[in-house]
Amino acid sequence: MTTLRRFCCNDLLRFTSVNLDHLTETFNMSFYMTYLARWPDYFHVAEAPGNRIMGYIMGKVEGQGDSWHGHVTAVTVAPEYRRQQLAKKLMNLLEDISDKVDKAYFVDLFVRASNTPAIKMYEKLDYVIYRRVLRYYSGEEDGLDMRKALSRDVDKKSIIPLKRPVTPDELEYD
């Protein structure tokens with residue numbers, strides 16, 4: 001049976017195998033610790049019996065006004081636990097927190113333009129491509145900014161796609 005629970009400091013020493021996927025962005029320890037300290041509600045782990053980490057989601061809430069939103073910084077599932085809808089469960093958890101607790105207008109994420117399986121999964125979860133970000137990944141590969149409107153965005157203005165691609169320096173960071 002899978003358990004979804006908050007990520008804790010000890011998990012930093014146990015989740016390396018989940019990050020071995022070449023499409024998973026990995027960060028330094030201080031980056032993970034910052035998220036854990038600032039946005040603990042947005043950092044969860046899926047755990048198998050025997051305390052084996054199956055996957056995790058890490059995110060935050062940011063923005064101002066009608067740009068107030070939840071952001072998925074990373075979601076990944078170990079290869080041996082894929083096709084069990086764990087990513088969907090983790091995404092739903094982050095979306096619920098963004099919607100019901102923080103009253104965000106939308107949730108967004110960035111995905112490599114070449115990561116077709118992930119893009120298709122996000123589309124099944126009702127995400128739309130909002131904009132293309134040129135050379136987002138290491139200055140080489142384009143990223144797609146995908147968004148899902150939440151209940152506060154009644155008119156779904158947050159997901160109206162931009163007509164032109166943007167560069168990383170045009171992105172707003174909080």
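Atom CD1 in I119 sits 10.0 Å away from atom CG in L109 (nearest 0.5 Å). For the atom pair OG (S158) and CG (D108), the distance works out to 9.5 Å, reported to the nearest 0.5 Å. Expressed to the nearest 0.5 Å, how far OH of Y81 lies from CD1 of I53 amounts to 10.5 Å. To the nearest 0.5 Å, atoms SG (C8) and CG (D11) are separated by 4.0 Å. For the atom pair CD1 of I97 and CG of N92, the computed distance is 11.0 Å after rounding to the nearest 0.5 Å.
Side-chain contact annotation: S67 with Y105, donor-acceptor N/O pair under 3.5 Å absent. Side-chain contact, T26 with N19: no donor N or O sits under 3.5 Å from an acceptor N or O.
Checked by atom type and distance alone, the side chain of D142 pairs as donor or acceptor with a backbone atom of R135 at under 3.5 Å. T34 places a side-chain N or O within 3.5 Å of a backbone atom of S30 that can act as its donor or acceptor partner. In this structure, the side chain of R147 does not engage the main chain of I129 through any donor-acceptor pair within 3.5 Å.
Note: F15 and F7 have perpendicular aromatic rings, judged against thresholds of 30 and 60 degrees for the angle between ring planes. Taking the six-membered ring where tryptophan is involved, the planes of Y32 and Y56 are perpendicular, since the angle between them exceeds 60° and thus also 30°. Using cut-offs of 30° and 60° on the angle between ring planes, the pair F27 and F31 is parallel.
Minimum heavy-atom separation, G70 to A104: N-CB, 3.8 Å.
Applying the salt bridge (Lys or Arg N to Asp or Glu O under 4.0 Å) rule to pairs touching residues 152-164 yields R164-E170, sequence neighbours excluded.
Considering Y122, Y127, F106 in turn, Y127 is the only one that fulfils the side-chain contact (heavy atoms from CB on, under 4.5 Å) rule with K148.
For V61, the side-chain contact (heavy atoms from CB on, under 4.5 Å) test picks out W39, Y42, W68, D102, with sequence neighbours left out. Residues satisfying the side chain to side chain donor-acceptor pair (under 3.5 Å) criterion with R112, sequence neighbours excluded, are E25, E141.
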